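Scroll down for the structure; my scribbles are underneath it.
Note that the structure is a prediction, hence the values are computed from the model and not measured. Every chain is numbered from 1 and lettered A, B, ... according to where its sequence line falls, protein lines coming before strand lines.
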There are 2 protein chains.
Amino acid sequence: MKSSVEPLKARRIYLLLRDRIIAGDLPPGERLPGEPALAAEHAVSRVTVRRALDLLEKEGLVQRKPGSGTFVHDSRAVRPIVADLSNVLSHLIDMGRSTDVKLLSFGYVAPPEAIAESLGLKPGERVQRSVRVRLIDGEPFSYLTTHVPEWLGLTYSEAELAARPLLELIERSGVKTERATQAINATLAGPEPAAALDLEIGSPLLTLTRIVHDPSGRGVEHLHALYRPDRYSFHMDLVRIGDDGERRWSPALGRPRASEIAKAEKTKADKNKAGEKPTRGSRAIKQRS
Amino acid sequence: MKSSVEPLKARRIYLLLRDRIIAGDLPPGERLPGEPALAAEHAVSRVTVRRALDLLEKEGLVQRKPGSGTFVHDSRAVRPIVADLSNVLSHLIDMGRSTDVKLLSFGYVAPPEAIAESLGLKPGERVQRSVRVRLIDGEPFSYLTTHVPEWLGLTYSEAELAARPLLELIERSGVKTERATQAINATLAGPEPAAALDLEIGSPLLTLTRIVHDPSGRGVEHLHALYRPDRYSFHMDLVRIGDDGERRWSPALGRPRASEIAKAEKTKADKNKAGEKPTRGSRAIKQRS
DNA sequence: GGAACCTGTATGATCCATAATACAGCTTCG
DNA sequence: CGAAGCTGTATTATGGATCATACAGGTTCC
């Protein structure tokens, strides 16, 4: 009766360094402490430190130079996709990037209770279940599982689903899609999503669950999407509205600011040369044990 | 030469079952396949299956009955908090739940480059850095790291920060907060957040990064928030707008629909009694430790 | 009651992540 | 150049996770 399943030490160190890099504590271009130093600092062997660095290198967060050191990789090779709230990728096309879809699974099944209930199905009613993967420039970034009532799914073919957006097929069938509710959350990659997204099991994933209703309130689509956080994230602009007693944020409507996003990415990329490591402020929290 | 850090087998099976339970594939009250069956299915030993089930049981997702079986726990003990886009928890108060804040760290430091740049600071300018944990009914659910320019941070005290919302303090100082941009993503828990949120290292977390600007475009707050996905998620209602060539989703404004959320929670809670498997199972779970 | 399940528990063998150490080859810098 | 770093690689040893097996005790159902 003791420790439960503790993550591997290598993984723990990997996460620690990863957090410091992402938080900007270790700026791009900076040299990491040497492997012996890291090993001593975390009270592990150098082999374990190496395995942690292997993970960071595989993710492109770090670059190793034999004889010289290990450096935080500047100018992230893969720029993440940015989607606005409504999950529109319109500005992707502006950037000249191409998306593709691969259909992994297609069939008619009895739905899990939770989905049947969220779509408002009658007991025994079947659904069309499909699993797709979306790719950006050939790299997978999202894993989509959709459930559609059978009567609606029958209005299009498997080939059509593989070629066109599901929502377009639904609307083509004459169904009006007017309302939707969605929830954003996080989870860990299970075996299938991990394989499809080219990740290891246990990697973090961003999830989006959306239920689309027609004007009568009938559920027409249940979407469960998993996104690779390094290749996809949700962005939004907010404005402060309301009068004094009740000020709060509200999403700013209108086209997403592709220009601003691009600017932020660029400036982030080339700002590290005149810097001379000003005493590294946040070390205070580290030592705890 | 194979390596890569593969998660422990027990953890992998834990993740798999957990996903199936959360996805509703294994409905509440359902009996899981027996330990020998699971062991055979995943090609591991029964001991390993047991360790995975231990984790599920510790999280309250599953309940074991010696001699009988292992069952999916119905009526999740902790209901997740639901926030709308603007991250307002107003309906929490309606539900009679109380939130609290614990200040973990407070001080003035030299900011990481990424944060200095996103706030538009001059080189050498220092920032106030604070780390707080928010609790709901005594349980931690979010881990907030904020960076505020020094000139602004000096307008309030450490004690005030521990007691009042940061945005309120900022506006009290006379600064107008008008615009903000935010990004939602997912990550894994590093050591400090894991400890503060009562999680294991490597647990999935929902992240929110928000940068608040005043009307002149000057950055006044950089917020990095980590949320426990089992206790917090973002919800939003969408409406379909635009004319035919340019249909897309847009967030539905207006007050958050606490009523609808409550309804959804409730129906989810009691939809498994008139179910069509009166043979076994419903009676099985009655007693609760 | 009794057969057929189930979970709980114990045992010893095996495999793999980690530790400890040593050395090669490279880069940086005085 | 040469010392002092660094990464890359190999070695053996150890401990924990996992395996295979067996048995105890409870539940379900005939």
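- Phosphate contact (OP1/OP2 of D:dT7, side-chain N/O of A:R50, threshold under 4.0 Å): absent.
- Using cut-offs of 30° and 60° for the angle between ring planes, the B:Y232 and B:F141 rings count as parallel.
- Taking side-chain N and O atoms only, B:K9 has no distance below 4.0 Å to OP1 or OP2 of C:dC15.
- As a whole-Å value, the separation of B:R51 CZ from C:dA10 C1' is 15 Å.
- B:R20 pairs by the side chain to side chain donor-acceptor pair (under 3.5 Å) definition with B:D25, not counting sequence neighbours.
- Ring pair B:F234/B:Y227 is perpendicular by interplanar angle, where above 60° counts as perpendicular and below 30° as parallel.
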Report, as a single string ordered 5' to 3', how protein heavy atoms within less than 4.0 Å touch nucleotides 23-30 of chain C: B base, S sugar-phosphate only, - not at all. --BBB---
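- Atom pair B:F71:CZ and D:dT28:C1' shows a separation of 10 Å (rounding to whole Å applied).
- Side-chain nitrogen and oxygen atoms of B:T48 include at least one within less than 4.0 Å of the OP1 or OP2 phosphate oxygen of D:dC19.
- For the helix from C:dG1-D:dC30 to C:dG30-D:dC1, the terminal axes (five pairs an end, C1' atoms, rotation from four pairs onto the next four) enclose an angle of 30°, given to 10 degrees.
- Nearest to the side-chain atoms of B:R31 among the listed nucleotides D:dG8, C:dC6, D:dT18 stands C:dC6.
- For B:V47, the listed nucleotide lying nearest its side chain is C:dA10; candidates were C:dA10, D:dT7, C:dA19.
- Within the structure, a side-chain polar atom (N or O) of B:T70 is placed less than 4.0 Å from OP1 or OP2 of C:dT7.
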